[in-house]
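For reference, the structure is listed below as structure tokens.
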Amino acid sequence: MGIESVAVFSEADRDAAYLKLADQKFCIGPPKVADSYLRIDRLISAAEVSGAEAIHPGYGLLAENAHFAEVVRACGFEFIGPTHEAMAMLGDKNTARGLAKKAGIPTVPGSDGIVKKVSEAIEIAHEFKYPVLVKATAGGGGRGMRLAWSDEQLATAFVEAQQEAKAAFGNGDCYVEKYIENPRHVEVQLIGDNFGNVCHLYERDCTMQRRHQKLIEESPSPHISAKTREKMCAAAVKLVSSVGYTNAGTIEFVVDQEENFYFIELNARIQVEHPVSEMLTGVDLIKAQFYVAANEKLPFTQKDIKANGHTIECRINAEDPNFNFAPCPGKITALNIPGGYGVRFDSHVHAGYTVSPYYDSMIGKLIVWGSDREEARLRMIRALTEFHVEGIKTSVSRQLEILRHPVFINAQGYTSFIEKEWK
Ligand code: MV4
């Protein structure tokens with residue numbers, strides 16, 4: 001788009017490849033995120049000094065921090081993401097669940113709002129039958145959740161969830177939902193502009209995950225029919241339109257064995273796995289985000305967005321799958337990146353780069369496109385076998401096992417499959 005780029009980095013990221021691509025770069029502190037990437041004052045200072053007009057938060061750290069979005073705009077910069085009001089409203093899971101209900105989106109049976117007392121939680125569990133999930137309204141991505149199969153378990157789970165949420169998020173409020181057993185995890189990619197235009201880029205299936213860490217994402221989901229897809233995408237668009245949500249967002253659903261889908265939460269940011277939707281539809285989502293932030297209309301309408309073929313993403317993590325996926329930082333002494341038709345690798349690393357122990361263990365994302373699911377699966381297997389890295393261990397061997405496993409090939413997976421199948 002011909003837009004100058006300004007990058008910030010901590011001392012631990014001084015050698016990252018993306019800094020060589022930036023027009024300007026600013027060191028904003030030592031490795032600890034509290035002293036660098038979470039320092040709003042330092043981020044704003046870098047924007048001031050560089051003459052930046054807008055800030056893109058990425059997908060970690062402050063990406064869903066409504067206070068950051070508000071400060072950015074209050075300081076005269078555009079925040080490339082939703083409004084801080086929308087972020088605050090939809091980031092609160094109980095509020096989002098209430099808005100979904102109001103918009104007629106299927107939600108999981110459960111409490112009507114926040115549950116204050118254990119006795120109330122037990123009444124709800126008796127009404128909707130065990131198992132139930134206690135969820136922190138300020139939580140997300142699996143944090144602040146507790147599963148209970150009986151009154152005794154619920155009594156402790158409820159108090160633990162409140163205490164954990166209070167400590168982690170400063171807000172101990174929890175609500176209770178029936179637990180949808182062995183669910184699939186399917187999310188819908190959305191993007192809306194400031195003129196009321198909202199589009200979906202179809203769904204992503206994130207069922208193959210371990211401890212809430214997604215390992216493999218794909219689109220279309222092999223677990224839903226075209227009819228369910230149409231209903232799910234329409235529901236997602238209806239919800240964000242009803243609340244005037246703008247820029248990129250993702251609505252998460254859980255899907256039961258009968259293909260009933262239920263709203264779970266909205267992620268008010270661009271997500272790691274957005275390239276899956278980009279390669280399925282040919283839409284440049286990040287470019288669309290910039291159009292919206294520049295107060296322009298989306299450069300496409302829903303009828304322009306066509307799903308073509310099948311895409312799969314593998315997150316490449318510096319972890320040792322034979323050592324309980326323990327993070328495995330270190331210096332990358334050799335790196336071969338796969339390529340060829342339909343193969344994309346997004347990464348900040350290069351040969352000679354030292355993966356630091358301070359941040360998320362993801363070192364890159366390998367995304368492939370195929371004309372159908374089997375071609376995408378085989379192309380991903382080929383690309384993973386060509387992905388060669390020395391000096392650190394990665395999750396690649398486990399992802400190859402999953403891609404070659406009959407449960408994946410026959411699309412019979414569910415969210416806890418990996419944890420049950422591989423210890
Ligand atoms: C659920 C669920 C089943 N029933 N809610 C996990 C984190 C957040 N994105 C929402 N999550 C779930 N909420 C109800 N009522 C299943 C998940 C879920 C999950 C739960 C436990 C372990 C792994 C999981 C992976 C994806 C989704």
Side-chain angles (χ1 to χ4, degrees), residues 59-60 63-64 90-98 100-101 105-115 121 124-125 127-149 153-154 157-158 160-161 164-165 168-169 174-189 203-218 221 223-224 232 236 239 249-269 271-273 315 325 402 407-408 413-423:
Y59 37 67
E64 282 194 87
L90 292 158
D92 180 278
K93 288 169 57 171
N94 174 60
T95 306
R97 190 164 171 269
K101 262 187 209 167
I105 313 299
T107 52
V108 186
S111 63
D112 186 17
I114 296 297
V115 176
I124 287 153
E127 181 183 351
F128 297 106
K129 305 289 177 280
Y130 286 104
V132 296
L133 263 178
V134 181
K135 290 186 172 180
T137 194
R143 292 172 310 156
M145 270 180 20
R146 283 285 189 289
L147 188 54
W149 296 82
Q153 283 187 16
L154 182 53
F158 186 75
E160 278 172 4
E164 182 192 301
F169 317 117
C174 291
Y175 57 99
V176 178
E177 287 182 347
K178 179 155 188 57
Y179 177 59
I180 307 297
E181 294 188 64
N182 293 333
R184 272 81 187 236
H185 183 160
V186 181
E187 57 189 28
V188 175
Q189 178 66 60
E203 83 283 3
R204 292 186 291 262
D205 191 298
C206 307
T207 300
M208 286 294 139
Q209 51 183 286
R210 178 182 178 278
R211 293 187 185 173
H212 300 295
Q213 294 297 323
K214 296 166 181 169
L215 277 169
I216 297 177
E217 301 109 336
E218 63 178 305
S221 166
H223 297 125
I224 61 172
M232 190 185 274
L239 174 53
T250 297
I251 289 190
E252 281 187 29
F253 297 95
V254 283
V255 184
D256 68 17
Q257 308 290 331
E258 288 73 50
E259 274 199 40
N260 301 304
F261 61 89
Y262 305 94
F263 170 87
I264 290 294
E265 60 194 60
L266 182 147
N267 296 313
R269 69 180 189 279
Q271 289 190 251
V272 166
E273 57 268 27
R315 298 183 188 206
F325 284 87
I402 296 166
V407 164
F408 179 83
Y414 48 90
T415 51
S416 50
F417 166 70
I418 294 174
E419 283 156 87
K420 282 183 181 156
E421 176 73 13
W422 284 282
K423 284 302 158 213

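Read the numbers this way: they start at 1 and go in the same order the structure lists the ligands and their atoms. It should be emphasised that the depicted structure is a prediction, and the values quoted were computed from it without experimental measurement.
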If you measure every N/O of [X] against every N/O of ligand 1, is any gap under 3.5 Å?
| X | value |
| --- | --- |
| Lys135 | yes |
| His212 | no |
| Tyr179 | no |
| Thr415 | no |

Inset, instruction - Assess whether atom CG of Asn260 is packed by more than 12 heavy atoms of other residues, nucleotides or ligands within 6.0 Å. - result: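 Atom CG in Asn260 is crowded, with more than 12 foreign heavy atoms closer than 6.0 Å.
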
Give the residue, atom name and distance (to 0.1 Å) of the protein heavy atom nearest [atom].
| atom | result |
| --- | --- |
| atom 11 (N) of ligand 1 | Met145 SD, 4.0 Å |
| atom 9 (N) of ligand 1 | Glu252 OE1, 2.6 Å |
| atom 7 (C) of ligand 1 | Gly142 N, 3.2 Å |
| atom 26 (C) of ligand 1 | His185 ND1, 3.2 Å |
| atom 17 (C) of ligand 1 | Val254 CG1, 4.0 Å |
| atom 8 (C) of ligand 1 | Glu265 OE1, 3.5 Å |

Inset, instruction - Test Glu273 against Lys214 for side chain to side chain contact (heavy atoms under 4.5 Å, CB included), laying out the working first. - result: CA-CA 9 Å; Glu273 57 268 27; Lys214 296 166 181 169; 2.8 Å; yes

How far apart are the closest heavy atoms of [X] and [Y], and which atoms are they?
| X | Y | value |
| --- | --- | --- |
| Leu147 | Pro131 | CD1-CB, 4.3 Å |
| Ala136 | Cys174 | CA-SG, 3.9 Å |
| Val176 | Ala121 | CG2-CB, 4.1 Å |

Legend entry - Structural part of Ile180 in contact with ligand 1, heavy atom criterion under 4.0 angstrom: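 Under 4.0 Å from ligand 1, Ile180 contributes backbone and side-chain atoms.
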
Inset, instruction - Using a 4.0 Å heavy-atom cut-off, say whether Lys178 meets ligand 1 through its side chain, its backbone, both or neither. - result: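 Backbone only.
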
Numbered atoms of ligand 1 (with element) below 4.0 Å of [X], judged on heavy atoms:
| X | result |
| --- | --- |
| Ile264 | 1 (C), 5 (N), 10 (C), 13 (N) |
| Glu177 | 5 (N), 14 (C), 15 (N) |
| Gln209 | 25 (C), 26 (C) |

Legend entry - Given Arg204, Gln271, His185, the one that forms side chain to side chain donor-acceptor pair (under 3.5 Å) with Glu252: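 That would be His185.
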
Inset, instruction - Would you please say whether a donor-acceptor pair under 3.5 Å links the side chains of Asp205 and Ser221? - result: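 The answer is yes; a qualifying pair exists.
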
Inset, instruction - Kindly indicate, with the supporting measurements, whether the criterion side chain to side chain contact (heavy atoms under 4.5 Å, CB included) is fulfilled by Val188 and Thr250. - result: CA-CA 5 Å; Val188 175; Thr250 297; over 6 Å; no

Legend entry - Main-chain N/O of Arg211 paired with Glu419 side-chain donor or acceptor, under 3.5 Å: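 Yes.
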
Inset, instruction - Measure the shortest side-chain to side-chain distance between Gln189 and Glu203 over non-hydrogen atoms and say whether it is less than 4.5 angstrom. - result: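 A side-chain contact is absent here, since even the closest heavy-atom pair is not under 4.5 Å.
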
